[in-house]
Amino acid sequence: MDTNFYDVVVCGGDLPGLIAAALISKRGTRVLLCGHDQVPSTFMAAGYQLSRGPGLLPSTDYEPVARVLKELNQAQIARRRAPALVPAFQLVLPDRRLDVGPGTELTLREVTREFPDDADTIRGVLERAAGVHAALDPILASDLTLPPDGFWERREVARVEPHLPEPGTDPWAPLPQQHPMRVALATCATLLSHLGPGETGAVADAAAVGMARRGLHRMDGGLAEVAGLFLDRIRAGTGDVREKVTPAELVIKRGKVVGLKVKPRGEPIGLDRLIWADSAAALVTLAGDKSSRRLREIASAIRPACYRYTLCLLLRREALPEGMAGLVFSVADPELPALEDNAIMLTTGGARPKDDSVAMWVECLVPAATVAAGLGYLAVLRGRLREHIARVVPFFDDHLVVLASPHDGLAPEIGRAGTEPRKRDHIAPTPMTPALSCDLPRTLGVGAAPHDVGMKNVFLTSDENLPGLGGEGAFISAWGAVRLLLGPLPRRVSSRKEILIEDG
């Protein structure tokens, strides 16, 4: 192997990998991030640069998130760039609209107004969900690696599990199956996790709704700005970032991965440890017949149940109805499956200074089997999504600047508020993010794939570790992986020479 050597190579674009690389770099270990930009976080649509998805972060005061941001000296920066959403989110149902917040007073007032006959039942459902989330908090904020690695960590997890709902428990009982509030809460939980409909379970549902009620933070620059938060920390420490390289082959000697060959030049990168920040299935493809049995078993147990389809819009601010929240979950018909255009999540960004427009991302889940049939289906779905958007934002067409998707391969649409002429080439489709189905044991009801995949010095650190926790899971998975590689963060006494201002 040549002198192109790193202690740790992080390969892949899942957020846990970026966070792990930033932490490793901050702790002084030589680390390389590559393969993170195979799916670009932005794309061009008729001359407008759009983010591929919204930039949502969990509450920056939540301990699993706060400890990462504090170590990276990014806490103040994150609070400034990513203000908390107020209210936390909004539920839109046929003839009903209610705000949900972190406190009980606002939520109960809204529930009583919209569902006076069921207010006590709904309050009980929300209180039980809050109790489940509170039972999870101590272990998620602990220094354990999750999913657990080793006997002592599994023992600590086993102590918590009796306090959580058993598998198969209905998290929204006794609300009827087609009750609008049940469907709305289930939609919220699914769209905030990395699991497909019906795959979440009582603990993951409670965790997702609890995270949303605690208050998400929004970065107006979308996914690119979230990634930039950690890319800056990698470069500022002992890390390197290589753009536009693709992993091509693992170099394995005596059963140990010692290098990674990348395209386009086929150069080998020497390494001591590899963090794989992508799916287990992609790692099997890369390793080929050198994959461990455990890795193949993990990969075969995790598969896409659905995919997340996204429409990206630029609107004039006048389009937004008075009182519309920055995060909205809308269900058109509670009696139909919470899929496709029937159940959507709308995230609205802040005003763009240069043209006073706002970005909006509209997301929904589409069955994996349907997507496999071809992109023509997505063209039909786009039209149906427009109809649902119009129910939530009635005059969006009058104030539309541009509408496009990074997934369907169609040309962008220039709205009435857009500028003509604009070049409207078709947009090359990029892969959609999967919502997973998983046969692996569910650690605490939220975990799935372990970090250890049965290959020496290779660690899986991706959305597949804690899919039931969504955005929170990225921070917890990354923290645990770094602990496996480097050990616990050593205690140290602050120097008087340290710069205390986190945001220059």
Side-chain angles (χ1 to χ4, degrees), residues 1-14 16-25 27-36 38 145-154 234 237-242 245-263 265-302 440 448-465 477-488:
M1 196 62 57
D2 63 6
T3 57
N4 192 17
F5 182 89
Y6 291 86
D7 297 311
V8 181
V9 171
V10 179
C11 186
D14 282 4
L18 269 67
I19 298 173
L23 290 170
I24 293 168
S25 177
R27 296 186 190 184
T29 298
R30 192 160 189 250
V31 60
L32 169 70
L33 175 69
C34 64
H36 60 288
Q38 293 186 66
T145 296
L146 295 173
D149 180 77
F151 170 78
W152 297 108
E153 293 183 341
R154 285 193 290 271
I234 296 170
T238 54
D240 291 336
V241 178
R242 293 202 188 179
V245 299
T246 304
E249 181 185 349
L250 293 180
V251 181
I252 301 177
K253 293 183 179 179
R254 298 184 180 90
K256 179 180 178 181
V257 176
V258 297
L260 175 70
K261 288 187 178 180
V262 296
K263 299 176 182 178
R265 293 191 297 174
E267 61 177 312
I269 300 171
L271 58 90
D272 185 46
R273 286 155 290 181
L274 173 68
I275 286 181
W276 186 254
D278 203 334
S279 68
L283 182 56
V284 168
T285 300
L286 187 68
D289 58 5
K290 296 180 181 179
S291 302
S292 68
R293 178 179 177 180
R294 186 178 191 186
L295 174 59
R296 291 193 297 270
E297 289 174 349
I298 292 170
S300 65
I302 302 176
L440 296 170
H451 294 286
D452 179 5
V453 295
M455 298 176 69
K456 292 181 181 179
N457 68 319
V458 178
F459 302 85
L460 179 70
T461 308
S462 73
D463 293 336
E464 294 184 351
N465 295 125
S477 171
W479 187 269
V482 174
R483 185 174 180 273
L484 281 175
L485 267 71
L486 306 183

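As the structure is a computational prediction, the values presented were derived from the model and not from experiment. Note that these values count all heavy atoms, side chains included, but never hydrogens, waters or copies made by symmetry. Residue indices begin at 1 and follow the sequence shown.
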Quick one, Ile275 with Cys11, criterion side chain to side chain contact (heavy atoms under 4.5 Å, CB included). Give me CA distance, side-chain angles, the key distance, then yes/no.
CA-CA 6 Å; Ile275 286 181; Cys11 186; over 6 Å; no
So Arg483 and Asp149, salt bridge (charged side-chain N to carboxylate O under 4.0 Å, His left out) or not? Walk me through it.
CA-CA 11 Å; Arg483 185 174 180 273; Asp149 180 77; over 6 Å; no
Dump the intermediate steps for side chain to side chain contact (heavy atoms under 4.5 Å, CB included) on His36 and Leu18, then the final yes or no.
CA-CA 8 Å; His36 60 288; Leu18 269 67; 4.2 Å; yes
Check step by step if side chain to side chain contact (heavy atoms under 4.5 Å, CB included) holds for Trp276 and Leu286.
CA-CA 11 Å; Trp276 186 254; Leu286 187 68; 3.6 Å; yes
Determine, step by step, whether Lys456 and Val257 satisfy the side chain to side chain contact (heavy atoms under 4.5 Å, CB included) criterion, reporting the C-alpha distance in whole Å, the side-chain angles of both residues, the deciding distance to 0.1 Å, and the verdict.
CA-CA 7 Å; Lys456 292 181 181 179; Val257 176; over 6 Å; no
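Pairing each heavy atom of Ile298 with each of Ala449, the nearest pair is CG2-CB, 3.8 Å. The shortest heavy-atom contact between Gly17 and Ala277 is CA-CB, 3.6 Å. For the pair Gly35 and Pro247, the tightest heavy-atom approach, listed with the atom from each and the gap, is CA-CD, 4.5 Å. Here the shortest heavy-atom pairing between Val453 and Ser292 reads O-OG, 2.6 Å. The two residues Cys34 and Val245 have their closest heavy-atom pair at CB-CG2, 3.6 Å. Taking every heavy atom of both residues into account, Ala478 and Pro16 meet most closely at CB-O, 3.3 Å.
Taking CG of Leu23 as the reference point, atom CG of Leu485 lies at 11.5 Å (rounded to 0.5 Å). The distance from the CG atom of Leu283 to the CG atom of Leu250 is 6.5 Å, given to the nearest 0.5 Å. Rounded to the nearest 0.5 angstrom, Leu260 CG and Ile269 CD1 are separated by 5.5 Å. The structure places CG of Asn457 at 6.5 Å from CG of Leu271, a figure rounded to the nearest 0.5 Å.
Residues passing the salt bridge (Lys or Arg N to Asp or Glu O under 4.0 Å) test with Arg265 are Glu267, sequence neighbours excluded. Here Asp7 pairs with nothing under the side chain to side chain donor-acceptor pair (under 3.5 Å) rule; sequence neighbours left out. Residues passing the side chain to side chain donor-acceptor pair (under 3.5 Å) test with Asp240, sequence neighbours excluded: Tyr6. Residues that satisfy the side chain to side chain donor-acceptor pair (under 3.5 Å) test with Glu297, not counting sequence neighbours, are Arg293. Arg154 meets the salt bridge (Lys or Arg N to Asp or Glu O under 4.0 Å) test with no other residue; sequence neighbours excluded. Under the side chain to side chain donor-acceptor pair (under 3.5 Å) criterion, Ser477 pairs with Asn465, sequence neighbours left out.
For the pair Arg27/Val482, a side-chain contact is recorded, criterion being any heavy-atom separation below 4.5 Å from C-beta on. Leu460 places none of its side-chain heavy atoms less than 4.5 Å from the side chain of Met455. Residues Asp452 and Arg294 have side chains in contact (heavy-atom distance under 4.5 Å, counting atoms from C-beta outward). With a 4.5 Å cut-off on side-chain heavy atoms, Asn4 and Pro268 do not count as touching. By the 4.5 Å heavy-atom criterion applied to side chains, Arg242 and Leu32 are counted as neighbours.
Although no hydrogens or angles enter the test, the distance criterion places no donor-acceptor pair under 3.5 Å between the side chain of Glu153 and the main chain of Leu146. Remark: side-chain polar atoms of Ser462 are paired, donor with acceptor, to backbone N or O of Asp278 under 3.5 angstrom. Using a distance-only test at 3.5 Å, with no hydrogens or angles considered, a donor-acceptor pair links the side chain of Thr285 to the main chain of Ala281. Although no hydrogens or angles enter the test, the distance criterion places a donor-acceptor pair under 3.5 Å between the side chain of Thr238 and the main chain of Thr29. When atom types are taken as modelled, the side chain of Arg296 and the backbone of Ser291 share a donor-acceptor pair closer than 3.5 angstrom.
Using a 4.0 Å cut-off between charged side-chain N and carboxylate O, Lys256 and Asp272 make a salt bridge.
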